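Please read the structure below before turning to the comments.
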Amino acid sequence: MVPRDTIRSGEVWSDTEGRVIQAHGGGILFHEGVYYWYGEYKDGPTRRSPVDRVDVIGVSCYSSLDLLNWKFEGLALKGVDRPGHDLRPEMVLERPKVVFNRKTGKFVMWAHIDSADYGYARGGVAVADSPAGPFTYLGSVRPEGRMCRDMTVFVDDDGSAYHVYASENNATILISKLSEDYTAHTGVYAKAFENKFWEAPALFKHGGRYYMIASGQSGWAPNPARSAVAPTPMGPWTELGNPCAGGKAGTTFDSQSTHVLPVAGRPGAYVFMADRWNPQNLRDSRYVWLPLRFAEGKPKLEWIDSWSPDQL
Ligand code: DGJ
């Protein structure tokens, strides 16, 4: 493969072996000089009932030094074809996120685990000793006894971790503080954007403040992104509106947020990561990655055909 030197959102993105990257609804962990991209491995047929979905295959892991060229490290967490298991093929596994716990030395993965009708609405957790896994699945919970669908995990500078998820029938975002080992909820939580039906949350910290980018809810179809700022991960959150500008700002450039990545060694440089879903053929969903900038204290996203992380 010819090494890639630019990011071109919406195009087919192949790994270093030339295979199409399968890392949807994903997130990136930077660990000891390497970026690890985790996501939904959706390389199977799209089933149309009860909703458009792909059988659970697992969570992929890719590694990269430059955010451009990605080596497939295998499935970090594999589906389990056993009756009653959370990760059996007929379930839903979405939006996996991996964080590193400095105290325990473990990698912790949280993901949205659901039944095909999205009635199960739980968070599943898995742990591993190395970034590419294999991750051991510990089980799933309804955090704070509440529903959990689209989700992310955020680790603050002080090592505190937060699970951020669409709850209460997707009406409200909940932000739960995780236990010291990041594998459990603590009962400490806050509600945000009540009855506003936000999903696809991505959280990051900039200049001592916390920012969230999320989407509205329209199934696999794109809608306008939204953003907010808070003095703590728990809030109180102040809405900042749609961070997108220019053509297709109304559909987040035909994509839906999944993660905001701080670029290593470049304070103030972020990559907005999003999915351009193809519900007819979910395995062919594409990636939209754009530089995230700040203008007048607000995150700002503009379309750019081709760019390199070096330019950030
Ligand atoms: C939108 C969510 O953000 C996705 O993760 C997925 O759950 C789809 N809805 C399913 O329609």
Side-chain angles (χ1 to χ4, degrees), residues 22-28 37-60 77 79 86-87 89-98 109-124 140 142-143 146-153 163-174 192-193 196-203 212-227 242 244 251-260 272-289:
Q22 288 289 333
H24 311 283
I28 289 182
W37 180 5
Y38 303 88
E40 304 158 19
Y41 193 91
K42 279 185 154 12
D43 196 10
T46 297
R47 310 202 185 279
R48 309 318 297 260
S49 172
V51 291
D52 303 316
R53 57 178 283 285
V54 172
D55 282 357
V56 171
I57 299 170
V59 175
S60 55
L77 178 70
D86 269 2
L87 306 180
E90 63 264 35
M91 296 291 280
V92 163
L93 192 176
E94 290 181 340
R95 299 187 177 271
K97 303 288 177 296
V98 174
M109 179 191 295
W110 281 92
H112 167 203
I113 304 295
D114 226 318
S115 44
D117 64 0
Y118 285 88
Y120 196 49
R122 294 164 80 99
S140 68
R142 279 209 162 175
R146 289 155 195 274
M147 290 177 166
C148 165
R149 293 204 182 93
D150 277 13
M151 51 137 279
T152 194
V153 181
H163 191 198
V164 182
Y165 48 99
S167 194
E168 310 196 327
N169 262 325
N170 276 5
T172 296
I173 295 283
L174 255 61
F193 320 112
K196 292 201 164 165
F197 293 88
W198 287 32
E199 65 179 6
L203 209 86
M212 196 185 301
I213 295 190
S215 74
Q217 290 174 19
S218 46
W220 296 111
N223 58 58
R226 43 219 66 200
S227 62
N242 186 348
C244 302
T251 60
T252 317
F253 317 107
D254 296 337
S255 73
Q256 184 184 30
S257 45
T258 185
H259 190 70
V260 173
F272 170 74
M273 297 168 53
D275 298 284
R276 182 174 287 173
W277 299 113
N278 177 352
Q280 277 74 44
N281 187 14
L282 282 162
R283 63 167 28 127
D284 187 37
S285 300
R286 307 283 173 84
Y287 310 103
V288 170
W289 287 19

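Indexing begins at 1, ligand by ligand and atom by atom, following the structure's order. For clarity, every value in this text was computed on a predicted model and none was experimentally measured. Each residue takes its place number in the sequence, starting with 1. Computed over heavy atoms, backbone and side chain alike; hydrogens, waters and symmetry mates excluded.
- Between V59 and E40, every side-chain heavy-atom pair lies at or beyond the 4.5 Å cut-off.
- Counting protein heavy atoms only, atom 9 (N) of ligand 1 is closest to G219 O, 3.4 Å.
- The ring-ring contact (aromatic ring centres under 6.0 Å, His included) test applied to H24 returns Y287, not counting sequence neighbours.
- The shortest contact between atom 3 (O) of ligand 1 and any protein heavy atom is with D150 OD2, 2.4 Å.
- Between W277 and ligand 1, a contact under 3.5 Å exists for no N or O pair.
- Atom 7 (O) of ligand 1 has E94 OE1, 2.7 Å as its closest protein atom, hydrogens excluded (heavy atom only).
- Here Q217 has no heavy atoms under 4.0 Å from ligand 1, in either its backbone or its side chain.
- D275 and S255 form no side-chain donor-acceptor contact under 3.5 Å, judged by distance and modelled atom types alone.
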TODO: Could you give me the CA-CA distance, side-chain angles and deciding distance for D114 and R149, then say whether salt bridge (Lys or Arg N to Asp or Glu O under 4.0 Å) is met?
DONE: CA-CA 8 Å; D114 226 318; R149 293 204 182 93; 3.5 Å; yes
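- Y38 pairs by the ring-ring contact (aromatic ring centres under 6.0 Å, His included) definition with nothing, not counting sequence neighbours.
- In R95, the part holding a heavy atom less than 4.0 Å from any atom of ligand 1 is the side chain.
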